[in-house]
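So the structure is just underneath, and the comments pick up after that.
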Amino acid sequence: MSLLFSQRKSPGAKRVNAGHGVVMFFIRHLQQALASLGELWRVPASSLLTMAVLGVSLSLPTTLHVLLKNGEQLRSTWDNAAEVSLFLKEHVSKEQAAKAVNRIKLYPQVSKVIYVSQEQALTEFKQLSGFGEALSYLDSNPLPAVILVTPTSQFSSPEGARELLEVLEQQNEVAFGKLDVTWLEKLSAIVDLLKDAVFALGFLLLLAVTLVIANTIRLSILNRREEIEILKLVGATDNFIRRPFLYTGFWYGLIGGVIAWVCVSLMLWSLEGALSALANELDTDLMLDGLAFSEFLILIVLSAWLGWLGAYFSVTRHVNEIEPENQM
Amino acid sequence: MIRFEEVTKVYPGGQQALNRVSFELDSGQMAFLTGHSGAGKSTLLKLVALMERPTSGQVFINGHNLNQITKKQVPFARRDIGMIFQNHRLLMDRSVFNNVALPLIIEGFHLSDIKRRVAGALDKVGLLSKLNNMPHTLSGGELQRVGIARAIVNKPPLLLADEPTGNLDPSLSLEILQVFEDLNSVGVAVLIATHDLGLIARMKYQTFTLRQGKLIHDGLSSTDLRESEFEPII
C-alpha cells in the first residue's frame, strides 16, 4: 500500500484475491520456515552445537518424567499387596474363627480371606524364623491365630485399607488388627516429593532452554545487524524482519526436542538390558515403560514452542533497537 | 515533491545539524544538495527518509506531513523512496538478483513479477549480464549501479542519493549521473547529496547548498557557483 503517493498503484495490492491471499500467506510462511532451516544448515557445526545443548537440557526432565512414571506404576502394583492381619483373641475356638472368616468374606471391601490357625502359624514360624527346634521346647503355642484379609483393589490404597481395618477390628473375635502400610505411605510420600522436585527441576530446565535460545537468537540478530538495517531502509516492517528469527528459534526447539527424545530412548534401551538381567535374577517381570507417542508429541510441541518463545523475547527487544543510521 | 518548512534538527548532545531550513523540490525535478562534511546534507536526507525526526518545523513529501507518520507506518513510507548510499549497502552474501529483488520480496510480489522487474532494473543500469554474480565479483562502479537498481526496482517516484559517486573515479561518476538523468527523464524526482563540485558544475540542475546547517544557496548550478562559495575543499 502506497502511503505517500495515493495515486501510485501499489504493486502489492493487485496481485491476489482474498482466497488466494490466504493460500499465499501460508505458502510464504512455509517458504520462510524452510529458508530459516536452510540458514541453520549453512552453519551446521554451530547450529548442531546449540541444538545438542537444548537436547541434553530437555532430555533431563524427560528422563525424570519417565522414571517418575515407572515409579508410579511400581507403587500401584505394591498398593495391591496391602494386606490386613487380624490377630484373634486367645480363647476363640476354631468354629468361632471359621464363623468369623465367613462373616468377613461377606464384606464388599474384601476380596480374599485366609485363616491361619495357631498350629499353622507355629509351623510357618519354625520354617521361616530359623529357630526351628528351639521352639519345640515351648510348653504352649504362643502364637495367635490370624485371619489374613486382602482388600479389593478399591480399598487397597493406604487410606482404604486403614478404613477396612477399622471396620474389621470391631469383630468380637479379633484382638487387634495390623496393617503394614507405613512403608507404603513412606513410598507414597517419597514419590510425591520426587514429583514436586521433578516439576521444579523441569521448570528450571525448560527456563534454561528458553534462555539458551533467546541468547542464541540475540547473537544471531547482532551478527546480522547490517542486514537488518538494510532491510529497514528498503521498507521492511519489523514483523517481516522478525519472522526468520522466530522460525530459527522454532527449529532450534524442535530439533532439540528430537535430540532429547533420541537421548532418552537410547538411555532406556541401554537400561533395558541391565533390567532384564536383574529381572532374571529376581525371577520377576520388570519392564521399563518408555515414552508413549503422545508424550513424544508433547515433548516436540513443547520444545518447539519454547524455541519460538525464546526467539520472540530476543527479537522483540533487539529488532526494535536496531535502526539504520550510519552513512546516510 | 519534497518541501521543508523551517526545519531545525538538534541532535541529543546539542549539536545543531540543520537551522531553519526551507526549500522545495518539485515532482519530477532533479537537484543537488552540496556542502561540506558536517554541513547537514546527511541529516537533511535522513529527515526525508524518516531515519531522523525534525526538532522543529515540518517536512512534507507529496503534501504528506512526515511528522504525522507513525513508527509503524515508516516502512510503508520508505517503500515510496528509493535510497542510494555511498557504500552501496548491498548484502554481500547474496547474489545481485537477490539484492535487487529485496524491496519486491518485502512487498510480497509474485516470483514471476520479481524476475521481470529485477531484470528491467538491472537492464536500466546496464548490468543484466551480472544477474547471478555475487557482489564481491563486481567493481565499485558496478556495485553502485546494483544499489541504484535496488532503489528503482519498485519504481518509487522519489530517489535520494547520498554521495553516490564518493568512491568512484570521474568517468564512473559521470556514468552514474547519466543513470540518474535517465531516471529523471521518465519523471522520477531525484535529490543527490554530493560535495563533488566538479560533477555539479557540468550540469544545469538546481543546487541547494548547506553551510553549518543553514541553506545558503538555492539556485541553478552554473558559473555563479564557484568554489569560493565554500571553504576550500580538501
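Below, chains carry the letters A, B, ... as their sequence lines are ordered, and counting in each starts from 1.
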#### Entry: Under the side chain to side chain donor-acceptor pair (under 3.5 Å) test, residues paired with A:N320 that sit two or more places apart
B:K71

#### Entry: Cation-aromatic face contact A:K195/A:F199, 6.0 Å, 45 degrees
no

### Message
In this structure, is the centre-to-centre distance between the rings of A:W308 and A:Y312 below 6.0 Å?
### Response
yes

#### Entry: Proximal component of B:L50, with respect to chain A [non-hydrogen, under 4.5 Å]
neither

Would you mind writing out the side-chain donor-acceptor pairs for residues 53-65 of chain A within the sub-3.5 Å range, not counting sequence neighbours?
unit_1 : atom_1 : unit_2 : atom_2 : d
A:S57  : OG     : A:V53  : O      : 2.8
A:S59  : OG     : A:G55  : O      : 3.4
A:S59  : OG     : A:V56  : O      : 2.8
A:T62  : OG1    : A:L58  : O      : 2.6
A:T63  : OG1    : A:S59  : O      : 2.6
A:H65  : NE2    : A:E295 : OE2    : 2.7

### Query
Is it the side chain or the backbone of A:I241 that comes within 4.5 Å of chain B heavy atoms, both, or neither?
neither

### Message
So for B:L104, is it side chain, backbone, both, or neither that comes closer than 4.5 Å to the heavy atoms of chain A?
### Response
neither

### Query
Which bit of A:R224 comes within less than 4.5 Å of chain B, counting heavy atoms only: side chain, backbone, both or neither?
side chain

